[in-house]
Amino acid sequence: MPFPNLDMDALRTFVATQQLGSLNRAAERIGRSQSAVSQQMRKLEEQVGHPLFRRQGRGLVLTDAGDMILSYAHRILDLNDEAVLAVRGASIDGVVRFGLPGDFAEAWLPAALGRFKKAHPGVRVEVAVERNGVLLERLDRDELDLALVMANEHRPDAELLATLPMTWIGSADADEVLHSGRALDLALFHPPCFFRRAGIEALDSANISWRLAYTTASLQSLWSGVAAGLGITLRTGAGMPSSLRRLGAQQGLPPLPSVKLCLHGRHQDTSPALVQLKRVVTACVNEHLSL
């Protein structure tokens, strides 16, 4: 009995549905009707012979079969995209200068940049990891072509990719962080820093006393200080080390706002290399983060 050929479009829809937890939201992302998305999922379930999703509240979660298919779907789609990019990118050359914050520099984005470089051997990729404000300064000085930046969505060159909730972060064994008669120890970046400002404003509004116990200009140093118990911090949780944990209302901490993740670039630059890099970065963010 021959095996069925899994439909590539259906696999992409399946991955989007898993990420967003809803057929309707997946339909909006891929630009199809909900009925078309439902039909794709039914076809995929018929091909594998098992249901892939089950209802949980108002959303959808994977079944055991769906969880198994998901890992294969990512591998199949990655290989498909790599093949297409390799053929299309063989004739592309030039230099692209891309900047990103440290939050994403040790997670999934470098792997995507590596695939881009492999698929486009004629393109020289220069990557800069800097704080958000520095990235925009370098972009304005024409030292970068493209920058992934948080909390500057009002700039005219901003293209919104995702909305990320801020979260309090402490060491893995952090539980009780507020103590009567004692100021809360904070580990923060040097100013200017919008995370620092948001955290202090939230604590002041909640009448929680605090003190700066640890300040740094390095994200790696910040993570290390928090892991050592020198203070708690706040970020989006992207790239958060396993030695740390999210904190919140259970520890008596106030709610925090969300932050916008945007891609900034020079709109007049439409070179093939930059256009392809922008597509790769956008697809990578959409795969791992949702609006």
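Quick note: residue numbers are just sequence positions, from 1.
- Taking 4.5 Å as the limit, every side-chain heavy atom of Leu146 sits out of range of all side-chain heavy atoms of Leu139.
- Side-chain atoms of Asn24 and Ser22 form no donor-acceptor pair, as typed in the model, at a separation below 3.5 Å.
- In summary, Lys260 and Glu153 do not engage in a salt bridge, as defined by a charged side-chain N under 4.0 Å from a carboxylate O.
- The closest side-chain heavy-atom distance from Leu263 to Asp157 is not below 4.5 Å.
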| message | As a quick check of understanding, evaluate salt bridge (Lys or Arg N to Asp or Glu O under 4.0 Å) for Asp9 and Arg32, giving each step before the final call. | response | CA-CA 11 Å; Asp9 287 338; Arg32 293 193 176 189; 3.7 Å; yes
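- Two residues are said to be in side-chain contact when any heavy atoms from C-beta on lie closer than 4.5 Å; Arg211 and Leu186 fail this criterion.
- Of the inter-residue distances, the one linking Leu253 atom CG with Ile208 atom CD1 reads 6.0 Å to the nearest 0.5 angstrom.
- No more than 12 heavy atoms of other residues, nucleotides or ligands shown are found within 6.0 angstrom of NE2 on His50.
- A donor-acceptor contact shorter than 3.5 Å links the side chain of Gln47 to the backbone of Asn5.
- Of all heavy-atom pairs spanning Ala105 and Pro110, the tightest one is O-CG, 2.9 Å.
- Not one N or O on the side chain of Ser205 forms a donor-acceptor pair closer than 3.5 Å with the backbone of Ala202.
- Side-chain N or O atoms of Ser171 include none that pairs as donor or acceptor with a backbone N or O of Leu244 at under 3.5 Å.
- Shown here for Thr163 and Ser258, the closest heavy-atom pair between the two residues is CG2-CB, 3.7 Å.
- Taking both residues in full, the closest heavy atoms of Leu23 and Ser38 are given as CD1-OG, 3.5 Å, listed atom of the first, atom of the second, then distance.
- Judged by distance alone, the side chain of Arg131 and the main-chain N or O of Pro192 form a donor-acceptor pair under 3.5 Å.
- Proximity of a side-chain donor or acceptor of Glu45 to a complementary backbone N or O of Leu52 within less than 3.5 Å is detected.
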| request: Could you give me the CA-CA distance, side-chain angles and deciding distance for Arg235 and Trp223, then say whether side-chain contact (heavy atoms from CB on, under 4.5 Å) is met? | output: CA-CA 10 Å; Arg235 304 293 292 180; Trp223 292 144; 3.5 Å; yes
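- Connection of Leu234 to Ile232 is established within a shared hydrophobic cluster, with ILVMFWY side chains joined at heavy-atom distances below 4.5 Å, either directly or through further cluster members.
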| request: Run the numbers on Thr216 and Ser218 for side-chain hydrogen bond (donor to acceptor under 3.5 Å, both in side chains), then give the verdict. | output: CA-CA 6 Å; Thr216 179; Ser218 161; 4.9 Å; no
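- A chain of hydrophobic side-chain contacts below 4.5 Å, direct or via other Ile, Leu, Val, Met, Phe, Trp or Tyr residues, connects Leu6 to Leu62.
- The shortest side-chain heavy-atom distance between Thr236 and Thr167 does not fall under the 4.5 Å cut-off.
- The existence of a salt bridge linking Glu126 and Arg124 is confirmed by a sub-4.0 Å separation between a basic side-chain nitrogen and an acidic carboxylate oxygen.
- Salt-bridge check for Arg138 with Asp145: failed, with every basic side-chain N at 4.0 Å or more from each acidic carboxylate O.
- The two atoms that bring Ala26 and Ala16 nearest to each other are CB-C, 4.1 Å, heavy atoms only.
- In the hydrophobic clustering of ILVMFWY residues, with side-chain heavy atoms under 4.5 Å counting as a link, Leu222 and Val134 come out apart.
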| Verdict with supporting geometry, Leu77 and Val15, side-chain contact (heavy atoms from CB on, under 4.5 Å) | CA-CA 10 Å; Leu77 294 172; Val15 171; 3.9 Å; yes
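- Between Phe14 atom CZ and His74 atom NE2 the span is 8.0 Å, to the nearest 0.5 Å.
- Ion pairing between Asp142 and Arg97 holds under the 4.0 Å rule for side-chain N and carboxylate O.
- We find that Asp64 and Arg54 are not joined by a salt bridge, their nearest charged nitrogen and carboxylate oxygen being 4.0 Å or further apart.
- Taking each heavy atom of Pro51 and Thr63 in turn, the nearest pair found is O-OG1, 2.7 Å.
- Without hydrogens or angle criteria, Asn132 side chain to Met150 main chain gives a donor-acceptor distance under 3.5 Å.
- For the atom pair Leu160 CG and Leu261 CG, the distance stands at 8.0 Å (nearest 0.5 Å).
- Contact annotation: the side chain of Leu178 approaches that of Leu184 to within less than 4.5 Å [non-hydrogen atoms, C-beta and beyond].
- There is a side-chain donor-acceptor pair under 3.5 Å between Trp210 and Asp204.
- For Glu201 (side chain) and Ala198 (main-chain N/O), no donor-acceptor pair under 3.5 Å exists by modelled atom type.
- Here Leu70 contributes atom CG and Gln19 contributes atom CD; the two are 8.0 Å apart, rounded to the nearest 0.5 Å.
- You'll find the side chain of Lys278 stays beyond 4.5 Å of the side chain of Phe98, heavy atoms only.
- Hydrophobic cluster membership differs between Leu109 and Leu136, with clusters built from Ile, Leu, Val, Met, Phe, Trp and Tyr side chains linked at under 4.5 angstrom.
- Taking 4.5 Å as the limit, every side-chain heavy atom of Leu188 sits out of range of all side-chain heavy atoms of Phe195.
- Between Arg245 and Ile169, every side-chain heavy-atom pair lies at or beyond the 4.5 Å cut-off.
- Both Leu113 and Leu161 belong to a single network of hydrophobic side chains, linked directly or stepwise wherever heavy atoms of I, L, V, M, F, W or Y lie under 4.5 Å apart.
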| query | Run the side-chain contact (heavy atoms from CB on, under 4.5 Å) check on Leu44 and Asp7 step by step: do they pass? | reply | CA-CA 7 Å; Leu44 194 57; Asp7 183 86; 5.8 Å; no
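- Atom CG of Leu256 sits about 5.0 Å away from atom CH2 of Trp168, to the nearest 0.5 Å.
- Counting non-hydrogen atoms of other residues, nucleotides and ligands closer than 6.0 Å to CZ of Arg182 gives a total of 12 or fewer.
- Heavy-atom minimum distance, Val280 versus Ala112: CG1-O, 3.8 Å.
- Atom CZ of Arg25 is separated from atom CG of Leu60 by 11.5 Å, given to the nearest 0.5 angstrom.
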| message | As a quick check of understanding, evaluate side-chain contact (heavy atoms from CB on, under 4.5 Å) for Val125 and Val95, giving each step before the final call. | response | CA-CA 6 Å; Val125 182; Val95 179; over 6 Å; no
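- Within 6.0 Å of CE in Met68 there are 12 or fewer heavy atoms belonging to other residues, nucleotides or ligands.
- Looking only at atom types and distance, the side chain of Thr233 has no donor-acceptor partner in the side chain of Tyr214 under 3.5 Å away.
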